[in-house]
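Take a look at the structure below.
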Amino acid sequence: MSTTLQLKGIRKAFGSNQVLHDIGFELQAGNVTVLMGANGAGKSTLVRILSGVHKRDTGDIILLGRTFNPKTPMDAVAQGVVTVHQGINDGVVPDLDIASNLLLEYLATGGSGFWIRQGALKKKAQALADLVGISSSLDTPVHALSLADRQLVAIARAMAYEPRVMILDEPTSSLSAAEADTLFSLIDKLREHGVAILYISHRMSDIRRLADRIVVMRDGQISANLVEQPLPLNEAVNAMLGRSMDNTTLTISQTTTPSLRLSNAVLAQGAHPFDMTVHEGEVVAIVGLVGSGKSALANVLFGINPLISGTLQLADKPYCPTSPAKAIAAGVFLCPRDRGSNAVVPDFNLTHNITLPFLHKYSRFSWLRTRHEEKRSQQLLDEIGVVYQNSNDNIGTLSGGNQQKVSVARWLSESCRLLILDEPFQGVDIQARRDIGTHLRNAAGTRATLVLVSEIDEATEIADRIIVIAEHTLAGEQINQEPDLDLLLSMMASANNLGTTAA
Amino acid sequence: AGLSISGSWAADMPAPFDNAADVKIALVRYLSTGDFFQAYLSGVETQAQALGVDLRILDSRQDAALQADMVDQAIALGVDGIIVQHGLTESMQDAVQRALDAGIKVVAFDVNVENEAVPQVEQSDRDLARLALEQAIKDNGESFTAGYVYVPGIAPLDRRDETWKEFKERYPGIKEKAQFGTLDNPIANANANQARSVLQANPDITVMFAPYDEFAKGVKIAVDEAGMSQDIKIYSADVSTADIAAMREPDSAWVATAATNPAVVGEVSVRTLAMLLAGEDPGASVIVPPTLITRDMLMDSDIKSMQDLAAKLPAFAHADVATPDWMPLPAR
Amino acid sequence: MNKVINLAIRYGFLTLLVGLVVFFSIAADGFAGPHSAVFIFQSVAITGILALGVTCTLVVGGFDLSIGSVATSSLMLSAYVMVVWEQSALVAIVLCLLMGALVGLVNGWLIVRMRVPDLLATLGMMFLLIGLQRIPTQGRSIATGMTLPDGTVAQGTFSPAFLALGRHRFDLFIERLLPVSVVVLLVIAVLVFLFLNYTRHGRLMYAIGSNERASSLAGVAVNKYKVTAYVISGVLASVGGMLMSARLGRGDIASGNNLLLDSVAAALIGYAVLGAARPNAFGTAMGALFVGILLQGLTMMNAPYYTQDFVKGAVLVLALMFTFSLSARQRR
Amino acid sequence: MNKVINLAIRYGFLTLLVGLVVFFSIAADGFAGPHSAVFIFQSVAITGILALGVTCTLVVGGFDLSIGSVATSSLMLSAYVMVVWEQSALVAIVLCLLMGALVGLVNGWLIVRMRVPDLLATLGMMFLLIGLQRIPTQGRSIATGMTLPDGTVAQGTFSPAFLALGRHRFDLFIERLLPVSVVVLLVIAVLVFLFLNYTRHGRLMYAIGSNERASSLAGVAVNKYKVTAYVISGVLASVGGMLMSARLGRGDIASGNNLLLDSVAAALIGYAVLGAARPNAFGTAMGALFVGILLQGLTMMNAPYYTQDFVKGAVLVLALMFTFSLSARQRR
Ligand SMILES: Nc1ncnc2c1ncn2[C@@H]1O[C@H](COP(=O)(O)OP(=O)(O)OP(=O)(O)O)[C@@H](O)[C@H]1O
Ligand SMILES: Nc1ncnc2c1ncn2[C@@H]1O[C@H](COP(=O)(O)OP(=O)(O)OP(=O)(O)O)[C@@H](O)[C@H]1O
Ligand SMILES: [Mg+2]
Ligand SMILES: [Mg+2]
């Protein structure tokens, strides 16, 4: 088996923050190397160096025997190193249609010639779309797609032509099992074609499924390089955390005072009405495939979209929010998914990002009390375990997972009746996921918590109760004690069995 | 004379004015923003009304190319006569020639289209500057330190500038200490700022020559702000009701301005065209003589507005040019 | 219902355009007819060309405030080359194009390399050029026989070939109907349209405008395209300037101060055409035409210049309100 | 190394500012000294006030092209109220402020409710106002004794109280040193500064400018704040207009384009101050001051107006190049 890409002594610092110390490993042709590491370990930085976004301080990269130092992303792509980056917003061009998005590299490298032959492009694009199973018409502008579909577009584009090295930075973070499987089979194909693949993920299921070898990073250094089969995952995790994972056993609370109540709720045109109750102090996980209506539900509860029909009750009082502001005032918080476009305020530092929704709490006569603000934000940052240098740093300097933690922390600063978290674990490493989970449970108090996820094991990890949504309606539920995973899975899939698809 | 009378004359007006309603004339303008041009327009309108002809106004809003097009448009509209108000020689020459070829009579105001078939109506910028400067010399003697407000590239200002140059040669005693000026709008405000700096830098200036009333207005503001209204005299050209008010202010430094009544110029332009249409010869150039207006004049005969000015200074109210006896004159 | 809204969004603006034409054809005599149509095109030719340039910069998510000054610079430059340096039309044209391209390059360089925000860079460039273009002649207009700062008299003249750019008219059914400037406008419009919509470069420029980061990560030569956009806009502006100079036959300082705002207006109105809600060549052309028709029609109805501004603004606001509110409604 | 760059970014621009002051104090006699200093402030007071308004709209990620015309509208309105309607200063002031607020409301409404892109909405508003402000007087400037369209003569006068806004000076060590306009500028600057940097509302406005979607999902009343920003900018513009009117003592016809460009320049230069790289009140004030110092100094050195534009542009480009390239370098 031949070495495609070789890293030697890569170092990178941002200002005083030494992010990568002396990184060195190899990527083999036709081989999937999984890169593991806690949030802020330096994975994406490494990726950005390989893809020509950042330039390394020192170290050599050798691609097929020739030294490889890409000046620009264009340069990297031209030399056959293709990357799917972590943030979806870095992956798609919202105002263009799907077809153009799929063929962006192709257009950029001039493969299409001077004139655009719409027909030819469409055919080419369709092929790619089918590859990853994008159902929407190719003329739809990408900004109309759901997060998952956007992610698929970004992935499919990378597949557009045979690369030598394919780098995938948390490609599944916003996919659910179904799409993930298509992705895996694609990766298998590439593997057969002898492409060297660097795969980054926090999902054990992915790693189990794909890894030929595992390189583990910790604090910007290689802490393990595992090849022996079967791959020792626990060892990998220990190497990544620097200790063994503390596995919490959660004690299911059985509260009975209802907090949120939906009756005959219809989420989307033509969806079946359903009832649902969430109790005080309860953590309920809502699982469902992509497009099943989880966000639809969240949007309704947070006053973004109205309920098609049916009624909402909060603490036995009718509740019909017409705007996020009103929802927040009523004590309903939503931590939205897709932090890039929905949560992160790029020009702000960590403190300002955290205090955004509750600024009035940090101001007297609308006069800001910054010291008070700073103190509180640092508390929260530490509580939720964000890896950061200084709370005055711009949020853009945080790693993806840590940005996610910040956007969750934002909503934990104040107590509320109902806390909704949509895909809160996107890009968060396993330990941090546990920590957040425990924090959510312990700090729950009388608060009812809804966690919207598309991964069952994420649900089982934190929930008292698991509700399955499919087809924009409630498909079933289980108390989270030795839950019957297969049953849950079949409930989730029920949508597809029915043959119709929502969204 | 009044409209009533002009009506009775209408009968014995020469062709084509025997039935004036069918006569169509066009005013093709280059500049339109500001009091002068508004007053000029009103003059054109009143005289046209007095004649009873149909007037069309084509306004190119300082787009010389468009102005040339508008002459063509006037031709297409089948007008009998065209008044060209301001513009650039180079861009108008051909257009005007096309009009003449189409058998249309043309009069030009304040733009030289280099065509002897086209009479020039002029308010004679040189005379304007001359009158103001002569007054300045009368007041301050033949040697003084002056500030000069000038923005090159604007035809009337360039012509006034020539006179200023002549005077500087003729009277070596005149020292031009500073030259400034801008057309940033509001013009008065922008020039006030510049004048203020100039006065700061050259406190010894005693005379400001600002041959455009907007400039003068600006300079006056600066002089007041610098508290130098006793030590400085402003000489300018053009006049408007607003200017009169400014000149009349207590110990105003703006002591004199030379001006023609833009309304009168407008009337004269129309009358000249009318004569052409009637087959008479107004002469190659019809000059509307300017009048000198001093602060003392305004105070002594208590003149507060253009109306008063017209009433008190007949020379200003009406220029006795292009007035054959059949010509109906506007009511006044 | 949705269908209706959809139609309204797509064709609302064009309907309005047609409506205007019909209205004016009835209300204003002399509006309908080939000549008038040509006038309209000619009156917006230069604005339109500049607007197409801005469109390209808008497409890459930028903005070019310097076009107006580039146009006037090339107006002055072409005049200077022919009148002062006594060079041929060809030399003048080549130098102007080079000047435009150079300005575009500098703008682009400032923006992509020096990371200066586009508005800022091009605004600075604007002031810089406004000053620069006046320095060689100390702010005087350039015409044959002018005296230069060094006292010599400029002997050169505008070459007939060059003047033809502004004055020659091609026969089309009616003889001497179609002016060169209109032909140039149409050609450029078609080229820019094809470039933006049917070439991969155009597509990539739209990609950059929509998400610069993603585009560059996908290997698009972002900087190269951005610079290109500014070069295009610079070159087109210089073309506009040359046409103006050929129309005027003189390097006139005062000309072209409305160019910037009018062309920006045209480009932005373009957003509303066919519900594109993004910069696009066809829309820009329609936008320019729209303004032209409005002004021509109002002129033909003898509306004074200030009501023209007012109506322009009002119609603009209403038309856009209509389109955008609808397309927003529909997007939800 | 990094430290040096950091210092350069933070203090580069201010150093340049000081450098300029020193240079002019040596090169131009009369530049140094309290009077001159005060005058610099006075000359930029109006632009500065407008610029602070634009800054607010820039903060919420918008842009207001209508400020210039709002200012000139309030210039005309105040004059009209006092001279034609013969009302008191108070009435004039109140009406002008209301007008400004109203324009701001309409702009905001067009942008947030009708979803018209900000540039487009405010551009339309600009044209609309430029026309509107001239209709009541048919394009004449307003002064006591003017004849109105209906033939009557306006008898009202600017009330002394109002004129004081433009002409009164407070004593400060030296008597009659500090003009009202400067005091107003300073007060507004401080208020806007505090508002944007130290109040919740300011912070939220910055949030909106940075990520509107995220802000609204965090419960921020995005639309309310955006409208507020445009209202602020409208009101400040009308204040600027009133100060101008008080200074001129008459209602001048002006488009206000230069006001627009200069204040936008000031606001954008502000990006470079203290390496903020985003709109900020302090920077804007410095930006305005910078332009003021430059022009004052150059005028004092007798530099003609065109070289002033040139230098303004050149220094602008260089200063920004410097700041932004450095802060960019540091970022990657
Ligand atoms: N542009 C930047 N400026 C300064 N520091 C940065 C920048 N980008 C990343 N960092 C720092 O580099 C470290 C590694 O970031 P990186 O994004 O590589 O982590 P990661 O391994 O991708 O984490 P995650 O799993 O959350 O994506 C973090 O501490 C982060 O704060
Ligand atoms: N079938 C549908 N009818 C109406 N609206 C829908 C439909 N599907 C999605 N939406 C809207 O699109 C947005 C995303 O909904 P979606 O169904 O993708 O959420 P989801 O099921 O949580 O997807 P994901 O699993 O990716 O979170 C919601 O605001 C929802 O209102
Ligand atoms: Mg990462
Ligand atoms: Mg999801």
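Residue numbering restarts at 1 for every chain, and letters A, B, ... go by the order of the sequence lines. Bear in mind the structure is a predicted one, so any value in this text is a computation, not a measurement. Side chains are part of it too, since the values below use all heavy atoms of this structure and drop only hydrogens, waters and symmetry mates.
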Apply side chain to side chain contact (heavy atoms under 4.5 Å, CB included) to the pair A:Asn402 and A:Lys405, showing each step before the final yes or no.
CA-CA 5 Å; A:Asn402 284 306; A:Lys405 292 183 206 163; 3.1 Å; yes
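Closest approach of A:Leu334 and A:Ala298 over heavy atoms only: CD1-CB, 4.0 Å. Across all non-hydrogen atoms, the minimal contact from D:Met125 to D:Val103 is CG-CG1, 3.8 Å.
Relative to the ring axis of D:Tyr206, D:Arg278 places its NZ or CZ within 45° and under 6.0 Å from the centre.
With a 4.5 Å cut-off on non-hydrogen atoms, A:Thr397 does not touch chain D at all. With a 4.5 angstrom heavy-atom cutoff, D:Ser216 touches chain A only via backbone atoms. With a 4.5 Å cut-off on non-hydrogen atoms, A:Pro346 touches chain D through its backbone and its side chain both. For a residue to count as touching a neighbouring chain, one of its non-hydrogen atoms must lie under 4.5 Å from one of that chain's; by this rule A:Phe302 touches chain D with the side chain only. Proximity to chain D is limited to the side chain of A:Ile328, based on heavy atoms less than 4.5 angstrom apart.
Under the 4.0 Å criterion applied to side-chain N and carboxylate O atoms, A:Glu373 and A:Lys361 are not assigned as salt-bridge partners. Between A:Asp169 and A:Arg48 no salt bridge is recorded (no basic side-chain N to carboxylate O distance below 4.0 Å).
Each of D:Ala214, D:Ser215, D:Ala221 has some count of heavy-atom pairs under 4.5 Å with chain A, and the biggest count is that of D:Ala214.
Residue pairs satisfying the side chain to side chain donor-acceptor pair (under 3.5 Å) criterion with at least one member in residues 319-334 of chain A, sequence neighbours excluded, are listed as follows: A:Thr322-A:Lys326.
Of all residues in residues 47-60 of chain D, none places a non-hydrogen atom less than 4.5 angstrom from a non-hydrogen atom of chain A.
Each of D:Phe290, D:Phe324, D:Phe282 was evaluated against D:Phe13; a single residue qualifies, D:Phe290, per the ring pair (Phe, Tyr, Trp, His ring centres under 6.0 Å) test.
Of the N and O atoms on the side chains of D:Thr122 and D:Asn107, not one donor lies less than 3.5 Å from an acceptor on the other residue.
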